[in-house]
Student: 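Pasting a structure below so you can have a look.
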Amino acid sequence: MCAGKTTARILDDKVKWKMISRRHILGWTGALPLLAPLAASVLSSACASAAGTAKSYRIDASLLSENQDSRVRNLVFHYTAVPNGLALEMLTQGQHGASAHYLVPDAALLGMSNKVYQLVPEERRAWHAGRSYWQGDRLINSSSIGIEIVNLGYPSPEEDELPLMRRQWFDFDEAQVSVVAQLAADIIARHQIPPHKVVGHSDVSPGRKVDPGPKFPWERLYRDYNIGAWPEREAVEFYLRRAPYRGDIRDLQKRLLDYGYEAPQTGVLDKESQDVVAAFQMHFRPARYDGVPDAETSAILDALLEKYFDRPRPGRTPGSKPAAAPKKDNGKGSDTWPLTP
C-alpha cells in the first residue's frame with residue numbers, strides 16, 4: 001500500500017464509491033476473489049499517480065558541446081538608497097519583491113567583517129532591474145548579475161523633485177570601491193562579460209532609475225581595474241575637432257541606440273530623450289548630466305562607438321586602419337551588437 005492512502009480511500013478515489021458500509025463489504029465476501037485483481041490494479045495506479053511516473057530514460061552528461069557559454073551577459077550596478085539593515089530586509093523578504101545577487105554593505109560594516117552578502121546564486125534570476133532594456137535585450141533580470149551597494153544616493157524624499165544636477169549626491173567609500181572592483185572583476189572573468197555590457201541601473205532604465213548615480217567611479221574602475229567601458233581621450237578630442245555636434249537630434253538618438261540605450265528615434269528632444277542623455281552623461285561625463293546634448297557628449301559617444309564597435313572615423317583614408325569585418329548574428333549565440341541586416 002502506498003503511504004498516506006487507505007484501501008477504502010483509494011476505492012473512493014478511483015471507483016467513486018462514496019460510502020462503503022460494513023454490511024456491504026460482508027455481502028461481497030463471495031466476490032472477493034474476483035475483486036482482488038481490480039483492487040490490486042487500482043492500488044497500483046493510485047500509487048503510481050502519487051509517486052509520479054517512473055522515468056524511462058537516463059541522462060548521459062559525458063559528451064559536452066564546445067558551443068556554449070554563460071547565460072550571464074550583463075553586470076548591473078545599483079545603490080540601495082537605504083542603510084544596511086533596511087537594504088537586507090528589502091532585498092530578502094518576499095513582500096518587497098526585490099533582490100540582487102550581491103549586496104556590498106557600507107564602510108563601517110565592511111571594516112568589521114569584510115563580508116559581502118550573496119543573496120541570490122548567480123545561476124538564479126534576481127529581481128533587480130525591473131522594466132529595462134540594453135542592446136536589444138528587455139529581459140535584463142534573466143541575463144544579468146546585479147550588485148547592490150549600500151549608498152543613500154541623495155537626500156530623499158526631500159530632493160526627489162529637484163533636477164539631477166541640484167541633488168546632493170553621496171560619495172562611495174574607498175573600502176566599498178575596492179570591494180566592488182574585486183567582486184566585479186571576478187564576475188566579469190567568470191562569465192566573460194564584455195566591457196560595454198557593464199552598466200548601471202540608470203543605463204538600462206533611464207528616467208525611471210538614477211542609480212548608481214553620478215558619484216559612481218566608472219572611470220576609476222576602468223583605469224585601475226579594467227572594468228567596464230570608457231572612451232579614449234584622444235578619440236574624444238578628435239571628434240570634438242573633426243566631427244562636432246551640430247544639433248542633429250535624430251542622429252544623436254540613432255548613435256545612443258547603437259551603443260545600447262533605448263533611445264527614441266523621433267528626431268525630437270523630448271523628455272524620454274533627455275532622460276537617456278542624462279543617463280549617458282552620468283555614466284561617461286559626470287561633470288555635467290543635465291540631459292542637454294552638447295559637443296562633448298556627442299564626441300564621447302562617437303569615441304565609444306569607435307572603440308567598442310569598430311565605427312570608422314570620418315575622413316579616414318583607405319588603408320589607414322584595417323576595415324572591421326561586418327558584424328552579423330549567426331543565430332547561434334553571437335553576442336555582437338549592434339546587429340547588421
Side-chain angles (χ1 to χ4, degrees), residues 64 66-81 84 87-88 90-92 98-130 132 134-135 137 139-151 171-205 209 211-213 215-231 260 283-284 304 307-308 333-337:
L64 295 180
E66 296 178 356
N67 305 314
Q68 59 175 295
D69 59 10
S70 171
R71 292 176 182 269
V72 176
R73 305 314 305 141
N74 305 283
L75 176 60
V76 184
F77 290 109
H78 308 254
Y79 65 53
T80 60
N84 291 309
L88 278 170
M90 294 178 66
L91 293 171
T92 58
S99 60
H101 294 90
Y102 296 97
L103 173 66
V104 177
D106 65 18
L109 193 55
L110 276 176
M112 293 170 57
S113 65
N114 209 34
K115 178 168 59 180
V116 172
Y117 296 96
Q118 182 173 27
L119 308 179
V120 178
E122 289 187 5
E123 65 272 16
R124 302 278 293 173
R125 183 177 68 166
W127 303 349
H128 64 99
S132 51
W134 189 252
Q135 295 183 350
D137 184 1
L139 301 176
I140 301 300
N141 278 344
S142 299
S143 63
S144 66
I145 286 177
I147 298 178
E148 288 273 5
I149 307 158
V150 173
N151 178 288
D171 289 315
F172 290 85
D173 188 87
E174 284 296 313
Q176 287 182 309
V177 173
S178 175
V179 169
V180 166
Q182 295 173 64
L183 174 62
D186 288 343
I187 293 169
I188 290 167
R190 189 156 51 245
H191 298 283
Q192 294 297 292
I193 301 173
H196 50 85
K197 289 181 177 289
V198 178
V199 293
H201 202 181
S202 55
D203 293 314
V204 301
S205 299
K209 295 294 181 179
D211 58 309
K215 293 284 191 176
F216 190 71
W218 289 109
E219 183 175 8
R220 181 175 172 191
L221 288 177
Y222 170 78
R223 299 202 183 284
D224 293 352
Y225 300 95
N226 197 30
I227 292 171
W230 198 257
H283 189 143
F284 295 106
L304 289 167
K307 182 175 182 178
Y308 295 105
S334 171
D335 202 37
T336 296
W337 178 267

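The analysis underlying the following values was restricted to heavy atoms, covering all of them including side chains, and did not include hydrogens, waters or symmetry mates.
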Student: Any side-chain to backbone donor/acceptor pair from N84 onto D106? Under 3.5 Å, distance only.
Tutor: yes
Student: Where is the tightest heavy-atom contact between F172 and K215, given as atom of each residue plus distance?
Tutor: CD1-O, 3.6 Å
Student: Please give me the minimum heavy-atom distance between F216 and I149, naming the atom from each residue.
Tutor: CE1-CD1, 3.6 Å
Student: Assess whether side chain to side chain contact (heavy atoms under 4.5 Å, CB included) is satisfied between R73 and Q135, documenting all intermediate values.
Tutor: CA-CA 11 Å; R73 305 314 305 141; Q135 295 183 350; over 6 Å; no
Student: Does the side chain of V179 reach to within under 4.5 Å of the side chain of N114, using non-hydrogen atoms?
Tutor: yes
Student: What heavy-atom pair brings L119 and L91 nearest, and what distance separates the two atoms?
Tutor: CD1-CB, 3.6 Å
Student: If only atom types and distance count, is the side chain of Q118 paired as donor or acceptor with the main-chain N or O of H101 below 3.5 Å?
Tutor: no
Student: Do L221 and W230 come close enough that some side-chain heavy atom pair is under 4.5 Å?
Tutor: no
Student: For residues S178 and E174, is any side-chain donor paired with an opposing acceptor at under 3.5 Å?
Tutor: no
Student: For N141 and R125, indicate whether the former's side chain and the latter's backbone hold a donor-acceptor pair under 3.5 Å.
Tutor: no
Student: Applying side chain to side chain contact (heavy atoms under 4.5 Å, CB included) to T80 and L103, what does each step give before you reach the verdict?
Tutor: CA-CA 9 Å; T80 60; L103 173 66; 3.7 Å; yes
Student: For a side-chain hydrogen bond (donor to acceptor under 3.5 Å, both in side chains) with Y102, tell me which candidate from H128, E122, E148 qualifies.
Tutor: E122
Student: Given side chains that start at C-beta, do those of W218 and P212 come closer than 4.5 Å, heavy atoms only?
Tutor: yes
Student: Between Q176 and V150, is there a donor-acceptor pair closer than 3.5 Å when you use the side chain of the first and the backbone of the second?
Tutor: yes
Student: Just by modelled atom types, is the G146 backbone N or O under 3.5 Å from a matching donor or acceptor in the S144 side chain?
Tutor: no
Student: Taking all non-hydrogen atoms of both residues into account, name the closest pair between P231 and L304 and its distance.
Tutor: N-CD2, 3.6 Å
Student: Under 3.5 Å, side chain of D203 to main-chain N/O of G200, donor-acceptor pair present?
Tutor: yes
Student: Provide the closest heavy-atom pair for L110 versus P105 in the form atom of the first, atom of the second, distance.
Tutor: CD1-O, 3.7 Å
Student: Between the side chain of H201 and the main-chain N/O of V76, is any donor-acceptor distance below 3.5 Å?
Tutor: no
